[in-house]
Amino acid sequence: MMATELAPGVHWVGAIDWNLREYHGYTLPGTTYNAYLVRGEKTALIDGAYAGFEGEVLGRIESVCDPGEIDCIVVNHIEKDHSGTLPAFVQRMPDIPIYCTERARAGLARHYDTAGWNIRVVKTGETLDLGGKTLTFLEAPMLHWPDSMFTYLAEDAILFPNDAFGQHVASAARFDDQLGKDAAMVHAQKFFANLIVPLAPKVLKKLDEVGGLGIDIKMIAPSHGIIWRSHAGDILNAYVDWSRGVAKDKVTIVYDTMHGSTTMMAKAIAEGVMAEGADVRVCLLRDGRYEGTHRSDVVTEILDSKAVLVGSPTLQDEVLPTVAGFLSYLRGLRPGRLTARKIGCAFGSHGGMGGAATQAEEALKAAGIEVIDGGFQVNYRPDGDELARAYELGRKVAQEIRAR
Ligand code: FEO
């Protein structure tokens, strides 16, 4: 096991989870749990990994120093993918000081038996002098949990923001310039789309606060994925743009179908969008019959789209379960919290009273999307006139987003 040097006395000592493919409803090509060792006259371990990865983290630490030389642990975030190794580390290093926020202290006690743990609560602006390396703490509540905290290493201008700016990817690359900026941004966009969107206003506020501190940030070392050493400014700018809802003239159409009629409508709408010169993604939801597109990839497409169209046949007076699941996921992400509002509408086929399109539009409104058209429903199979109407709906949506 080898560590990776970020700067003299600063090493990545994390774990690579090559085989993880889903994480609370989000598909991913593996991930990493990044932990860091900062060595001045004293040594600090920042963050950890899931339980089960203790040996890998300790192995990497041993390539730098004896784990017995660690003087303290910084817990930026208590979610188990970062704190899971903590009980084993405390058992190995009894009475080691653990620096975290008050919310983290309370949260750790709900996860583990912390009786006897030497927890030291810190607040924004407090520092920890390691002798030649100085850590400054910055509370970041709800970025993305109440306990979250950023840690800044002044001498090397490295920010350790835990989940913020992270990406789920398992790779031999440790740095952005090794994986490639474009690939790193793709993974970061999916991470933001699936985890950070509902927190967008807090992201903008926190970035303002960090900017106001006047600190130099040369490197951003998150708790997942690659470390931003060549493109730290680019990921900071991307977070601002994504939080503001900066999007392309692009429409995402997401749907499922029972017998192909809603597919016909989706394709006709897409033709109308393309006829107006706008970009479009047509995403049949993954449901076991088709490879389709997983909901976590659909919301990634939605992040930089100005419009979202949802299609569902009516099944027993309800939205099809695949679409209902997607709408629940979208509602939770609340894209309406992005500064710029997205527009949307719904469509679908039915064989009885219909209703799915109306319900889907209510869900879009609940997600903060501005609905611009009444639910477009057809009985059974769309005829030529109805396909023409679908085409015109696509044109109207494209014209609308271009005008914004
Ligand atoms: Fe990567 Fe919120 O844990």
Side-chain angles (χ1 to χ4, degrees), residues 14 23-24 26 31 33-36 38 44-51 57 70-91 93 95-128 130 134-153 158-166 191-192 194-213 215 220-224 239 243 332-334 337:
Y23 187 57
H24 49 51
Y26 170 157
T31 192
Y33 312 113
N34 296 338
Y36 300 94
V38 179
L45 174 65
I46 300 179
D47 293 325
Y50 250 129
V57 174
I70 297 174
D71 295 288
C72 60
I73 297 175
V74 174
V75 174
N76 278 323
H77 177 35
I78 64 167
E79 195 166 1
K80 292 179 85 169
D81 50 334
H82 308 294
S83 70
T85 47
L86 203 47
F89 290 172
V90 174
Q91 193 172 32
M93 302 172 248
D95 209 39
I96 188 158
I98 297 166
Y99 293 88
C100 64
T101 63
E102 171 56 32
R103 291 275 186 83
R105 184 201 60 72
L108 285 172
R110 298 293 298 177
H111 283 82
Y112 312 108
D113 178 6
T114 58
W117 288 20
N118 182 6
I119 295 178
R120 304 194 182 178
V121 170
V122 292
K123 293 186 173 153
T124 292
E126 290 187 25
T127 59
L128 178 61
L130 300 174
T134 313
L135 301 179
T136 303
F137 304 113
L138 179 62
E139 292 167 274
M142 298 316 296
L143 282 179
H144 70 124
W145 273 20
D147 57 273
S148 296
M149 176 173 86
F150 295 176
T151 297
Y152 177 68
L153 172 58
I158 302 175
L159 184 69
F160 301 96
N162 199 269
D163 281 326
F165 312 110
F191 192 95
F192 189 100
N194 283 274
L195 293 168
I196 311 293
V197 163
L199 314 170
K202 289 187 182 298
V203 171
L204 291 171
K205 203 171 158 202
K206 184 57 63 181
L207 290 177
D208 268 355
E209 189 184 331
V210 171
L213 296 174
I215 56 174
I220 298 175
S223 58
H224 296 289
Y239 261 54
S243 297
L333 288 170
R334 287 159 279 182
R337 289 193 179 172

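These figures come from a predicted structure and were not determined experimentally. Note that these values count all heavy atoms, side chains included, but never hydrogens, waters or copies made by symmetry.
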Exercise. What are the two closest heavy atoms between V57 and G14, and how far apart are they?
Worked result: CG2-C, 4.3 Å

Seminar exercise, completed: For I158 and A221 the tightest heavy-atom approach is CG2-CB, 4.1 Å

Exercise. Is it true that the side chains of S83 and Y112 contain a donor and an acceptor less than 3.5 Å apart?
Worked result: yes

For this session: For the pair R334 (side chain) and P198 (backbone), establish whether a donor and an acceptor sit closer than 3.5 Å, ignoring hydrogens and angles.
Result: no

For this session: Give me the ring orientation class for F150 and F165: parallel if the planes are under 30° apart, tilted from 30 to 60°, perpendicular past 60°.
Result: tilted

Exercise. Less than 4.5 Å apart, any side-chain heavy atom of R110 and any of I78?
Worked result: no

Problem set entry | Pairwise side-chain contact, L138 with Y152, heavy-atom cut-off 4.5 Å (strictly under) | no

Problem set entry | From CG (D71) to CG (L128), nearest 0.5 Å | 9.5 Å

Seminar exercise, completed: Heavy-atom nearest pair, E79 first then Y23, reads OE2-OH, 3.3 Å

Problem set entry | Distance in Å, S148 OG paired with K206 NZ, rounded so as to fall on 0.5 Å steps | 10.0 Å

Problem set entry | Test item: E139 side-chain N/O and T124 main-chain N/O as donor-acceptor pair under 3.5 Å | yes

For this session: Could you walk me through whether I196 and Y239 pass side chain to side chain contact (heavy atoms under 4.5 Å, CB included), step by step?
Result: CA-CA 9 Å; I196 311 293; Y239 261 54; 3.9 Å; yes

Exercise. Passes side chain to side chain contact (heavy atoms under 4.5 Å, CB included), L195 versus H24? Steps please.
Worked result: CA-CA 10 Å; L195 293 168; H24 49 51; 3.6 Å; yes

Problem set entry | Test applied, side chain to side chain contact (heavy atoms under 4.5 Å, CB included); reference residue, W117; option that passes from I96, D95, V90 | V90

Problem set entry | From C72 atom SG to L135 atom CG, the distance as rounded to the nearest 0.5 Å | 7.0 Å

Exercise. Is N194 reaching over with its side chain to a backbone N or O of Y26, donor-acceptor style, under 3.5 angstrom?
Worked result: no

For this session: For side chain to side chain contact (heavy atoms under 4.5 Å, CB included), just list the numbers for Y50 and K80, CA-CA rounded to whole Å, side-chain angles, deciding distance to a tenth of an Å, and then say yes or no.
Result: CA-CA 6 Å; Y50 250 129; K80 292 179 85 169; 4.0 Å; yes

Problem set entry | Straight-line distance of L86 CG to M93 CE, nearest 0.5 Å | 9.0 Å

Exercise. How many angstroms lie between CZ in R103 and CZ in R105, if you round to the nearest 0.5 Å?
Worked result: 11.5 Å

Problem set entry | Full working for side chain to side chain contact (heavy atoms under 4.5 Å, CB included) between V74 and F160 | CA-CA 10 Å; V74 174; F160 301 96; over 6 Å; no

Exercise. Shortest non-hydrogen contact from S243 to F192?
Worked result: OG-CZ, 3.4 Å

Exercise. To the nearest 0.5 Å, what is the distance between CD1 (I119) and OG1 (T114)?
Worked result: 5.0 Å

Problem set entry | Of T151, N162, D163, T101, the residue whose pairing with N76 passes side-chain hydrogen bond (donor to acceptor under 3.5 Å, both in side chains) | T151

For this session: Using atom types as modelled and distance alone, determine if a side-chain donor or acceptor of N34 lies under 3.5 Å from a backbone N or O of P222.
Result: yes

Problem set entry | Side chains of H82 and H224 in contact at under 4.5 Å (non-hydrogen atoms) | yes

